[in-house]
Participant: 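Okay, handing you the structure first.
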Amino acid sequence: MIIEAHDLRKTFTAKRGRGKTEQVEAVRGIDLAVEKGEIFAALGPNGAGKTTTVRMLATFIAPTSGTARVAGYDVVKEAAKVRENIGYVSQAGGVDENSPGLESLMLAARISGMSKKQARARADELLEAFSLTEIANRPAKTLSGGQKRRFALAIGLVTAPPLVFLDEPTTGLDPQNRANLWDEVRALRDQGTSVLLTTHYLDEADALCDRLIIVDHGQIVAQGTPNELKKEVAGDVVTLRLKGVDEARELLAAQPYIKEVRAEDDLLRAYLDDGEHGLPRLLRALEERSLTLDSISLDRATLDDVFLRHTGRSLRDAA
Amino acid sequence: MLRHTSLFLGYELRFLLRNPVWPLFGIIQPVMYLLFFAPLLGSTTQSGSMPEVLAMFTPGSMMMIALFGSLFGGFGLINETRNGVLERLAVSPAWPPAIILGRAAKDMLVLVVQAILVMGIAMIMGLRITLPAFLLMLGLMALTGLFAATLSYGLALALRDENGMSQLVQFFAMPLTLIAGLFLPVSLGPDWLQTLARFNPLYYGVEAGRALFRDDLGDSTIPVAFGLLAVLSLITITWSMRSLRKMAG
Ligand SMILES: Nc1ncnc2c1ncn2[C@@H]1O[C@H](COP(=O)(O)OP(=O)(O)OP(=O)(O)O)[C@@H](O)[C@H]1O
Ligand SMILES: [Mg+2]
């Protein structure tokens, strides 16, 4: 187990102006168990507590209560040991704007104890791997967002740590760069590195991670592999827009092949295991009651449906 | 520990060498004071001769760069509390004080170079000082710079707000320099001012500098200034480490 956390909590005291303060319960009891060599994701909307959780695990902030062991060391009592074993790429990136990326890379390498020569060799290796060789000597402020992200990643990996934390690694990247970064994260796993990443993209968690937790309001609302979680809500989802939502809802809920029906404003979502066979039956049922459809679609259930099931809201409008 | 500090120092120095003009601006102010203000001060010393005026005046103008040059160093750090650089360094294997000390060491080095230039110009204008006094003055400059720089970094880490920081720096810098007798010795002023000055660390710095330039190496203000600045620096460094740990609450 590379990460083990029990009932982690963090309450911030935030200033509200005029000397008043406010207690913000950012993380409210998180338990985690991440295996060595896993890509583990924390999926959740803005403000769910993802960054706060990662910051506690990476020893940047101290938990208000609860315990965590990372790479076998306690994050509070043995923070120095934890730091020797992790790479951390923060949501903000942390690339010094004023210096060339190569300088930041070299400094990070040398701080970890490498000689100048070793540091240079390792830096060259990473520049090559992330296609940064050409722009290694340009001040980071002249680089594009995606190039900076890649530097941030290279810096986080410079010590070849057994565990890396990536806080929203693909935010702000175009689809091409996102796909590249996914490949890089997979390559890390293939080398045996464990990865804990946060994201608010469903497809990212779905495509990339071995297991995930879904976080909302500082708590875990669901966890498992992407497939397990999706299976929980059924394989397919039919989304209908129609008049007479209430009547249609009752009707569909009574159909034996439909597992669950949820209403959202004038939308109905019907969850069923076998969409291709269920859809014609569903249409017939609606027709018998002369309920007319505005639109209908059949999709595979996504992690958003999992989120919806557990929180009553869609991740798209949860922020 | 020392290794990490020197790694951060090297990083800062390489940055400086890529943009070497800025620190040169720092010495324009004291040099202008020497050229245009010192000649006005003839009547404030016993003989009124230029070397005597310079011995009284130069230490004050040097302390001014030591203070002002370093007090603003923290502004750059505020940005780094937000762009993730400090966050990354804080969870790296780096010895935490080295993050601050490396920068402060760069500030000290810049000051020492500036001090050599200013004293060189004062010597061309007629100042006469001994080698031990020259070297001790460099040490005093470095130590004042260490205190002012770590104070500035501490403020930056504690406030993390450019606006608040510039207000605070202005608020403190003005009385500190006035009550230190930077340009004219406080001994020319009334008793209450002299008493007030004894609570100002900068006062000891300036007085120690004047003692050095008079070649009065036995003067008690010299060890007091060195001791005081060293203790104060230790406090500001400890304080900035606390702020670094609490950066995100
Ligand atoms: N230093 C702080 N002081 C006060 N409140 C904080 C602090 N840091 C975070 N919070 C609050 O804690 C909650 C969780 O924030 P956190 O940054 O962990 O969310 P997140 O899941 O990473 O969100 P995002 O997707 O926007 O990055 C939010 O309500 C936030 O306002
Ligand atoms: Mg976040």
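Note on naming: letters A, B, ... go to the chains in the order of the sequence lines (proteins, then strands), and numbering restarts at 1 for each one. Not measured: the values here are computed from a predicted model.
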Participant: Tell me which of these, A/G93, A/S90, A/A80, has more heavy-atom pairs under 4.5 Å with chain B than the rest.
Facilitator: A/S90
Participant: Mind checking the OG-CD spacing from B/S92 to A/E84? Nearest 0.5 Å is all I need.
Facilitator: 10.5 Å
Participant: Looking at CZ of B/R245 and CD1 of A/I61, how far apart are the two atoms once the value is rounded to the nearest 0.5 Å?
Facilitator: 14.5 Å
Participant: Can you tell which part of A/V95 gets under 4.5 Å to a heavy atom of chain B, answering side chain, backbone, both or neither?
Facilitator: backbone
Participant: What part of A/T159 lies closer than 4.5 angstrom to a heavy atom of chain B: side chain, backbone, both or neither?
Facilitator: neither
Participant: Is chain B contacted by the side chain of A/F60, its backbone, both, or neither, given a heavy-atom distance below 4.5 Å?
Facilitator: both
Participant: Verify the distance criterion only: is there a donor paired with an acceptor across the side chains of B/R14 and A/S99 at less than 3.5 Å?
Facilitator: no
Participant: Report yes if the side chains of A/D96 and B/Y11 come closer than 4.5 Å at any heavy-atom pair, otherwise no.
Facilitator: yes
Participant: Tell me, for A/K10 versus chain B, whether the close heavy atoms (under 4.5 Å) come from the side chain, the backbone, both or neither.
Facilitator: side chain
Participant: Report, one line per pair, each donor and acceptor closer than 3.5 Å where one atom sits in a side chain of residues 147-157 of chain A; sequence neighbours left out.
Facilitator:
| residue | atom | partner | partner atom | Å |
| --- | --- | --- | --- | --- |
| A/Q147 | OE1 | A/S144 | N | 2.8 |
| A/Q147 | OE1 | A/S144 | OG | 3.4 |
| A/K148 | NZ | A/E97 | OE2 | 3.2 |
| A/R149 | NH2 | A/Q91 | O | 2.6 |
| A/R150 | NE | A/F130 | O | 3.2 |
| A/R150 | NH2 | A/S131 | O | 3.3 |

Participant: Less than 4.5 Å apart, side chain to side chain, heavy atoms only: is that true for A/Y88 and B/E87?
Facilitator: yes
Participant: List the atom of A/S112, the atom of B/P93, and the distance in Å for their closest heavy-atom pair.
Facilitator: CA-CG, 4.4 Å
Participant: Check each atom of B/R18 against the heavy atoms of chain A and say whether the ones under 4.5 Å are side chain, backbone, both or neither.
Facilitator: side chain
Participant: Please lay out, stage by stage, how A/I111 and B/F8 fare under the test side-chain contact (heavy atoms from CB on, under 4.5 Å).
Facilitator: CA-CA 9 Å; A/I111 284 171; B/F8 280 107; 3.4 Å; yes
Participant: Report, as yes or no, whether the 6.0 Å neighbourhood of atom CD on A/E22 holds more than 12 heavy atoms from other residues, nucleotides or ligands.
Facilitator: yes
Participant: Check this for me: B/I28, atom CD1, are more than 12 non-hydrogen atoms of other residues, nucleotides or ligands nearer than 6.0 Å?
Facilitator: yes
Participant: Less than 3.5 Å apart, which donor and acceptor atoms pair up between the side chains of residues 96-111 of chain B and the rest of the protein, not counting sequence neighbours?
Facilitator:
| residue | atom | partner | partner atom | Å |
| --- | --- | --- | --- | --- |
| B/R103 | NH2 | B/E80 | OE1 | 2.7 |
| B/D107 | OD2 | B/Y153 | OH | 2.7 |

Participant: Distance check, rounded to the nearest 0.5 Å: B/L89 atom CG versus A/R83 atom CZ?
Facilitator: 11.0 Å
